[in-house]
There are 2 protein chains.
Amino acid sequence: MAVDAFAVLAEPTRRRILGRLLEAESSVNELVEALEVSQPTVSKQLKVLREAGFVICRTEAQRRIYRIRAAPFQALDDWLQPYRALWDRHLDALERHLDNLE
Amino acid sequence: MAVDAFAVLAEPTRRRILGRLLEAESSVNELVEALEVSQPTVSKQLKVLREAGFVICRTEAQRRIYRIRAAPFQALDDWLQPYRALWDRHLDALERHLDNLE
DNA sequence: TGCGCATATAACTGTCAAGGCATATACACT
DNA sequence: AGTGTATATGCCTTGACAGTTATATGCGCA
């Protein structure tokens with residue numbers, strides 16, 4: 001996963017944006033109203049999310065419609081995988097981790 | 001999950017410590033040598049990790065043996081759960097296609 | 001009890017990023 | 001063209017935090 005994905009997710013405003021985008025794609029203004037933060041703040045965080053691959057946007061007239069992307073979350077899921085050996089007693093996770101260690 | 005778990009994981013040094021502790025519990029000095037960072041830095045980050053529940057330590061003579069804990073990783077796994085709908089459920093062909101485009 | 005090892009903490013400093021305000025850009029419509 | 005709407009960006013201030021150095025604390029041992 002991108003090295004800084006955790007840094008991206010560390011910001012509460014960005015997590016709120018992602019939570020909202022998980023429900024439905026939205027324009028910038030819809031996010032501004034839903035989250036009650038300023039428009040520049042939303043645009044800035046969307047830029048961070050976009051550059052980290054968490055969202056993409058398309059243009060509809062003057063509006064930009066943002067949509068969430070799966071890839072970074074999958075990468076996060078992958079990163080988490082070896083740590084699942086800590087609690088998942090099912091042999092899969094542990095074996096895979098040990099295999100990856102060689 | 002604790003609100004600031006992502007902030008904890010956002011720090012590369014802390015992730016390195018966790019990666020190392022996943023392999024084996026370690027004393028502070030072992031971490032210092034393995035990661036090649038200063039001892040105060042390790043102690044400081046261990047304190048952050050401890051307060052966030054990522055590690056616990058026991059005392060053995062003058063040494064503190066640190067061990068990783070499962071709970072925060074499980075919480076992270078839980079947080080991730082709704083986002084898994086993005087890829088491991090019925091993702092229709094069009095959406096997958098658009099994702100692949102960018 | 002005094003010394004040395006292992007670890008924690010304090011004070012300081014530099015960096016970086018979030019949010020606010022103001023402004024620029026892009027587009028639609030008349 | 002000119003106006004209003006939607007979004008992006010630049011500048012600025014402020015706060016948080018990582019790393020360093022120096023020092024304190026805890027423990028074992030002679």
Side-chain angles (χ1 to χ4, degrees), chain A residues 1-21 23-69 72 76, chain B residues 1-21 23-69 72 102:
Chain A
M1 78 195 260
V3 172
D4 58 349
F6 281 115
V8 171
L9 294 173
E11 201 41 52
T13 302
R14 288 194 284 261
R15 287 203 299 272
R16 293 179 64 210
I17 291 176
L18 291 173
R20 167 83 197 210
L21 289 181
E23 306 305 322
E25 57 180 25
S26 310
S27 70
V28 177
N29 248 344
E30 283 168 348
L31 291 170
V32 167
E33 287 163 14
L35 307 182
E36 293 180 316
V37 288
S38 76
Q39 176 267 314
T41 292
V42 171
S43 282
K44 264 184 214 171
Q45 304 299 8
L46 283 172
K47 180 178 185 178
V48 175
L49 290 169
R50 208 186 325 123
E51 290 174 347
F54 281 88
V55 301
I56 49 176
C57 76
R58 67 175 190 273
T59 300
E60 273 188 10
Q62 327 94 304
R63 302 170 11 127
R64 305 282 173 89
I65 310 298
Y66 281 81
R67 191 159 60 91
I68 201 169
R69 285 187 69 241
L76 177 57
Chain B
M1 80 195 258
V3 172
D4 57 350
F6 282 115
V8 171
L9 293 174
E11 197 47 44
T13 302
R14 287 194 285 261
R15 288 202 301 271
R16 292 179 64 210
I17 291 176
L18 290 173
R20 167 82 198 210
L21 289 180
E23 308 307 323
E25 56 180 25
S26 309
S27 69
V28 176
N29 249 345
E30 283 168 348
L31 291 170
V32 167
E33 287 163 14
L35 308 182
E36 293 180 317
V37 288
S38 76
Q39 176 267 313
T41 292
V42 171
S43 281
K44 214 186 198 177
Q45 304 299 8
L46 282 172
K47 180 178 185 178
V48 175
L49 290 169
R50 209 185 325 124
E51 290 175 347
F54 281 87
V55 301
I56 50 176
C57 76
R58 67 173 190 276
T59 299
E60 272 189 8
Q62 325 93 306
R63 300 163 20 120
R64 305 280 174 90
I65 309 297
Y66 280 82
R67 182 151 43 112
I68 201 169
R69 287 187 68 242
E102 201 66 21

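A note on names: the letters A, B, ... follow the listed sequences, proteins ahead of strands, and every chain is numbered from 1.
For the side chain to side chain contact (heavy atoms under 4.5 Å, CB included) test, residues two or more places apart in sequence or in another chain that qualify with B:Gln39 are B:Val28, B:Val32, B:Ser43. In this structure, the side chain to side chain contact (heavy atoms under 4.5 Å, CB included) partners of A:Val48, at least two apart in sequence or on a different chain, are A:Val8, A:Arg14, A:Gln45. Considering only residues two or more places apart in sequence or on other chains, B:Glu33 meets the side chain to side chain contact (heavy atoms under 4.5 Å, CB included) condition with none of them. Listed by chain and residue number, nothing satisfies the ring pair (Phe, Tyr, Trp, His ring centres under 6.0 Å) test with B:Tyr66 (two or more places apart in sequence, or in another chain).
With rounding to the nearest 0.5 Å, the separation of OG1 in B:Thr13 from CG in B:Leu18 is 11.0 Å.
Contact annotation: B:Tyr66 reaches the phosphate of C:dA8 (side-chain N/O to OP1 or OP2, under 4.0 Å). Distances shorter than 4.0 Å separate none of the side-chain N or O atoms of B:Ser43 from OP1 or OP2 on C:dT9.
Both B:Arg63 and A:Thr13 lie close to DNA chain C; mapped to their nearest nucleotides by heavy-atom distance, the more 5′-ward contact belongs to B:Arg63.
Counting heavy atoms from C-beta on, the side chains of A:Leu76 and A:Leu9 come closer than 4.5 Å. Within the 4.5 Å cutoff, side-chain heavy atoms of B:Ile65 are placed close to those of B:Arg63.
Atom NZ of A:Lys44 and atom P of C:dA24 are 16 Å apart (whole Å). In this structure, CD of B:Glu11 is placed 16 Å from P of C:dT15, rounded to the nearest angstrom. What separates CG of B:Asp4 from C1' of D:dA16 is a distance of 13 Å, to the nearest Å. Protein atom NZ of B:Lys47 is 16 Å distant from nucleotide atom C1' of D:dG19, rounded to whole Å. Separating the CD1 atom of A:Ile17 from the P atom of C:dA18 is a distance of 11 Å, rounded to the nearest angstrom. To the nearest angstrom, P of C:dA6 lies 17 Å from CZ of B:Arg58. If you take CD1 of A:Ile65 and P of C:dA26, they are 19 Å apart, rounded to a whole angstrom. Atom CD in B:Gln45 sits about 11 Å away from atom P in D:dC17, given to the nearest Å.
For DNA chain C, none of the residues of residues 23-37 of chain A falls under the heavy-atom distance limit of 4.0 Å.
A side-chain donor-acceptor contact under 3.5 Å links B:Arg16 to the backbone of B:Leu35. Between the side chain of A:Arg50 and the main chain of A:Val55, no donor-acceptor pair closer than 3.5 Å is present.
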Below 3.5 Å between N/O atoms, which protein atoms pair up with nucleotides 21-29 of chain D? Just atom names and distances, please.
none

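With C:dA8, C:dG20, C:dA18 as the choices, the nucleotide that has an atom nearest any side-chain atom of B:Arg50 turns out to be C:dA8.
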